[in-house]
Amino acid sequence: MKALTRYCSDQGEFGGYHYIDLPAPECGPDDIVIKLKAAAICGADMKHWYADLDNENHSTELDSIRGHEFAGVIVKVGENVKKWHVGQRIVSDNSGQACGECPACEQGDFMLCEHKSGLGLDHNYKVFGGSGGFTKYAKIPGEILKLHPHAIWEIPEGVKYEEAAVLDPICNSYKAVAQQSSLLPGQDVVVFGTGPLGLFAVQIARIMGAVNIVMVGLEEDVETRFPIAMEVGATHCVNASKEDVVKRCTEICGRDNLGLVIECSGANIALKQSLEMLRPNGEVIRVGMGFKPLEFSINNITELNKSIIGHMAYDSTSWRESIRLLKNGAIKVQPMITHRLGLSKWKEGFAAMADKSAVKVIFHYDEEDKDVAEFGEEETPNDYDFND
């Protein structure tokens with residue numbers, strides 16, 4: 001099978017993304033193998049793609065099969081697997097490994113385990129033979145299913161593969177807004193960052209009854225992403241390239257109503273502006289990541305009892321409730337899928353994400369005629385086209 005992989009040495013020397021031939025995964029007695037139907041590019045994939053573009057190292061060590069937002073149909077189950085069966089449509093939460101012993105694992109926060117490895121993320125192929133979604137078949141390891149039964153979820157009837165594939169960012173945004181904030185119906189929300197996390201945060205805020213939902217982006221977001229933000233629930237869009245962000249957001253919301261900012265951009269200036277516009281006792285949920293030291297004081301959080309709350313990933317509650325919202329149509333995915341491409345055109349998809357002409361790129365596997373049949377799966381009532 002073809003697979004989009006990343007090369008990286010144990011010393012962190014990058015070797016770039018490579019579209020190569022690999023054997024299909026073997027299914028152990030506790031494992032599940034799925035045939036991929038849809039897989040999406042995530043911001044983490046872009047971060048590593050940029051890093052590989054900039055590096056001068058040339059590692060030849062296969063580190064991982066990429067793509068951690070994916071959905072598919074089960075084509076093989078191990079002899080010890082009882083809960084799942086061939087033909088079920090499933091989505092992975094990208095858990096691959098966790099220690100099961102740390103405080104995060106004790107609470108079911110397996111994605112916060114300091115020893116975790118994710119499917120489709122770094123080291124998955126090298127460390128435990130795991131696979132991401134940018135290929136034909138992926139193995140869900142039995143070890144993670146024993147520890148974390150909700151590492152995979154069945155896709156409800158009526159939900160398309162491509163919609164299920166983006167449950168990862170939906171669940172991230174659900175946890176940030178619904179589980180980590182103190183948002184009450186009738187309050188206002190400002191969201192920095194126009195990527196999928198920001199756009200889904202807009203939607204969760206809408207569902208929770210926010211009155212004004214302000215999306216803050218840049219000039220390059222005006223053409224494609226601002227209209228989508230308005231379509232999925234934003235009441236206003238602010239162009240930080242041309243407008244005074246704090247002044248404009250305060251004009252829209254009023255000082256007393258703005259108790260929550262969801263910061264998805266990772267930019268230091270966005271965090272600074274978030275703190276400046278918040279009312280006393282307000283909260284910033286920091287979803288985005290930045291890597292430069294802060295060059296401004298955060299004494300404001302002490303003076304006015306404001307909070308900066310770190311966010312990472314999701315838990316099983318996030319998944320359970322997000323799937324229900326997706327099924328009943330409360331969360332809109334279709335406006336955010338701007339590109340559907342065969343995996344062989346992966347470079348085109350990454351380029352579209354880089355120039356912001358894309359919001360969400362969905363890949364489907366398009367190399368069937370070149371592959372050797374591995375699992376002999378037949379079409380089943382659940383084995384639809386990737387878009388069904």
Side-chain angles (χ1 to χ4, degrees), residues 42-43 69 93 107-109 111-112 163 166-217 225-226 228-238 245 249 252-253 257-267 270-271 273-275 277-279 281-289 301 306-333 335-336 359-360:
C42 172
E69 297 179 12
D93 82 343
Q107 298 181 44
D109 281 331
M111 295 304 294
L112 298 184
E163 294 168 336
V166 299
L167 272 161
D168 175 292
I170 293 173
C171 293
N172 263 283
S173 297
Y174 182 93
K175 186 176 182 182
V177 181
Q179 294 176 259
Q180 292 187 274
S181 85
S182 303
L183 177 64
L184 296 175
Q187 296 178 345
D188 293 346
V189 177
V190 171
V191 179
F192 281 84
T194 59
L197 290 174
L199 291 167
F200 283 128
V202 164
Q203 299 197 51
I204 301 301
R206 182 200 75 228
I207 292 167
M208 293 185 66
V211 175
N212 290 305
I213 305 172
V214 184
M215 168 63 78
V216 180
R225 299 189 175 199
F226 277 7
I228 293 174
M230 297 296 289
E231 183 176 354
V232 299
T235 59
H236 303 77
C237 290
V238 174
V245 173
C249 290
I252 295 168
C253 301
N257 302 318
L258 184 53
L260 176 63
V261 177
I262 307 296
E263 206 300 276
C264 299
S265 74
L271 181 60
Q273 292 168 339
S274 300
L275 292 171
M277 69 177 69
L278 272 179
R279 71 184 186 191
N281 296 313
E283 300 171 333
V284 179
I285 310 295
R286 188 170 184 263
V287 178
M289 296 181 67
I301 68 173
K306 299 178 182 181
S307 300
I308 301 174
I309 301 171
H311 164 83
M312 174 56 68
Y314 34 66
D315 58 21
S316 294
T317 297
S318 319
W319 276 82
R320 186 184 306 279
E321 313 308 346
S322 294
I323 289 172
R324 297 191 75 208
L325 291 170
L326 183 58
K327 180 182 179 180
N328 78 3
I331 292 177
K332 302 176 183 178
V333 173
M336 294 171 54
V359 175
K360 212 61 180 163

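Nothing fancy with the numbering, it's 1 onward along the sequence.
Residues Gln203 and Ser173 fail the side-chain proximity criterion, which asks for heavy atoms closer than 4.5 Å. Residues Ile262 and Leu197 form no side-chain contact, since every pair of their non-hydrogen atoms from C-beta on lies 4.5 Å or further apart. Side-chain atoms of Ile331 and Ile207, non-hydrogen and from C-beta on, do get closer than 4.5 Å to each other. No side-chain heavy atom of Met312 sits under 4.5 Å from any side-chain heavy atom of Met111. Looking at heavy atoms from C-beta onward, Phe200 lies out of side-chain contact with Val232 at the 4.5 angstrom threshold. No side-chain heavy atom of Leu258 sits less than 4.5 Å from a side-chain heavy atom of Ile252. When side chains are defined from C-beta on, Tyr174 does not count as touching Tyr314, because their heavy atoms never get closer than 4.5 Å. For the pair Leu199/Met215, a side-chain contact is recorded, criterion being any heavy-atom separation below 4.5 Å from C-beta on.
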Exercise for the section: Check the pair Thr317 / Gln179 against side-chain hydrogen bond (donor to acceptor under 3.5 Å, both in side chains), numbers first and verdict last. Expected result: CA-CA 9 Å; Thr317 297; Gln179 294 176 259; 4.8 Å; no

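In this structure a side-chain-to-backbone donor-acceptor pair under 3.5 Å is present from Ser318 to Asp315. Glu283 places no side-chain N or O within donor-acceptor distance of the main-chain N or O of Ile309, the cut-off being under 3.5 Å. Counting only distance, with no hydrogens or angles, the side chain of Arg206 and the backbone of Ala330 share a donor-acceptor pair below 3.5 Å. Glu163 contributes no side-chain N or O that, together with a main-chain N or O of Val166, makes up a donor-acceptor pair within less than 3.5 Å. Counting only distance, with no hydrogens or angles, the side chain of Asn172 and the backbone of Ala313 share a donor-acceptor pair below 3.5 Å.
Taking both residues in full, the closest heavy atoms of Leu183 and Ala205 are given as CD2-CA, 4.3 Å, listed atom of the first, atom of the second, then distance. Closest heavy-atom contact between Leu278 and Gly259: CD2-C, 3.6 Å. Taking every heavy atom of both residues into account, Glu69 and Lys360 meet most closely at OE1-NZ, 2.9 Å. The minimum heavy-atom distance linking Leu271 with Glu263 is given by the pair N-CG, 4.2 Å. Across all non-hydrogen atoms, the minimal contact from Cys264 to Val191 is SG-CG1, 4.4 Å.
Each of Val216, Val261, Val214 was compared with Met277 under the side chain to side chain contact (heavy atoms under 4.5 Å, CB included) criterion, and only Val261 meets it.
The line from CG of Asn212 to CG of Asn257 is 7.5 Å long, rounded to the nearest 0.5 Å.
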